[in-house]
Undergrad: 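First the structure, then my questions, so here it is.
Atoms within each ligand, like the ligands themselves, are counted from 1 in listed order.
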Amino acid sequence: MTLKFIVLSDLHVVPEGQVSVTLDTGARLEQALEAISARYSDADFCVIAGDLADAGEPAAYIRLKRILDRMPIPVYLTLGNHDDRSSFLSVFGAGEIGATGKIDKVIDAKGYRIILLDSSEPGRVDGVLSTGQIEWLRLRLAEAIDRPVIVIIHHNANALHVESDDIRIVDAAPFLAALKAHPDVRQVIAGHVHLTSTAMWQGIAFTTLAGGHYYCTVDQPTVPMRRRNGPGQLAYVVGTAESTTVHFDNYIDANADIAVAE
Ligand SMILES: [Fe+2]
């Protein structure tokens, strides 16, 4: 019994005919959809770690929904700092609201618990987890004490030693303490920083994926971070009882296959 799922992030979808930082993010999401349909149709589901829309207008969410409706696997969403909760709900429905009042969710599949946490806070670029969310997280983790857990969240909690560290989760200590109360948190996967990273922080694995919008370079000590127009990147998570693996697939600007002589 192997869990397989896709993580997309930072779609920054704009209304038809517009661009964001020179990119047609709707067209880029279409490329993600093509990659998933071609290469990952056996995945159990897809989660999207926020920054669904670039400017949070209903027209962007309508475009997003139209594209996601064609996804061959179930899709679960949470929000990022670019999203607008009320616009999102006006298109995707009030059923998206969790017990915390934010877009928090639990998915139980193939012996795992996956928890989506909404770290967006209206008017803020950095990430906030409310006291109620931390309590909700503690309860959801306690219910799954016998299972491995993966957390999906927009903002990175750990410092990546880059310019954007000051817009990560504010006061990550309660979040970290809640995670550490569970014996088998396998991964905390975030977007937000538009770059790929993996880290260990106090015994827990933290990963970021570059997502679907522009890609940030981390040439040190470059300040500010530079933006590039590719790749568009998804993560493919493979979970067994023994281990959890995260693959990265640059579905835009990926390297071409090398022809092998017959
Ligand atoms: Fe983003």
Undergrad: Give the intermediate values and the outcome of salt bridge (charged side-chain N to carboxylate O under 4.0 Å, His left out) for residues R28 and D24.
TA: CA-CA 6 Å; R28 287 171 73 88; D24 182 347; over 6 Å; no

Undergrad: Could you verify whether a donor N or O on one side chain and an acceptor N or O on the other, from Q233 and T196, lie under 3.5 Å apart?
TA: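 Side-chain D/A pair, Q233 to T196: present.
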
Undergrad: Within a strict 4.5 Å, meaning less than it, do heavy atoms of the H155 and R124 side chains meet?
TA: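 Not touching, per the 4.5 Å side-chain cut-off.
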
Undergrad: Taking ring-ring contact (aromatic ring centres under 6.0 Å, His included) as the definition, give me every residue that meets it alongside Y215, ordered by chain and number, with sequence neighbours left out.
TA: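 Checked Y215 against ring-ring contact (aromatic ring centres under 6.0 Å, His included); zero matches.
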
Undergrad: So if I apply the side chain to side chain donor-acceptor pair (under 3.5 Å) rule between D10 and each of H192, H194, H213, which one comes out positive?
TA: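 Single side chain to side chain donor-acceptor pair (under 3.5 Å) partner of D10 among H192, H194, H213: H194.
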
Undergrad: Give me the number of protein N, O or S atoms whose distance to the Fe ion (ligand 1) is under 2.8 Å.
TA: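 Of the protein's nitrogen, oxygen and sulfur atoms, 4 lie under 2.8 Å from the Fe ion (ligand 1).
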
Undergrad: Might you confirm whether atom NZ of K65 has over 12 heavy atoms from other residues, nucleotides or ligands at distances under 6.0 Å?
TA: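 Open.
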
